[in-house]
Amino acid sequence: MPAGRTVLAALLAGFALGAYLQALVGWPTFLAVAIGAVMVVFVLLVAASLGDDDAAADAAWRAAAPDLAGRDPGRRPAEAGRDGSGRESP
């Protein structure tokens, strides 16, 4: 869920574009509103794709799955051994 500031910025951008298209360019109101709504969605999509903090996401993942946090994702299970330590037990 985007932050309130991001939603407000997106709504402002969409409203400004819709008002510009309707008042100054002379587009029909329904088209101006539709283009403004598309602008709101576009701004929210861009904000969502740029707004993630990788360190916070990684910390949340490690907290949610502590049993998987210590494993190396590049190693195959056959290389890790039966106990997951990386060495075969006799």
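Note: hydrogens, waters and symmetry copies are ignored here, and every other heavy atom, side chains too, is used.
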CG (Leu17) and CD1 (Ile35) are apart, to the nearest 0.5 Å, by 7.5 Å
Sorted by chain and residue number, the side chain to side chain contact (heavy atoms under 4.5 Å, CB included) partners of Thr6 (sequence neighbours excluded) come out as Pro2, Ala3, Leu44, Ala47
Tracing side-chain contacts under 4.5 Å among Ile, Leu, Val, Met, Phe, Trp and Tyr outward from Leu45 reaches Val41
Of all heavy-atom pairs linking Ala32 and Gln22, the shortest is CB-CB, 3.7 Å
Value for CG (Leu21) from CE (Met39), rounded to nearest 0.5 Å, stands at 10.0 Å
inquiry  = Hydrophobic cluster membership, with links at side-chain heavy-atom distances under 4.5 Å among I/L/V/M/F/W/Y: are Phe30 and Phe15 in one?
reply    = no
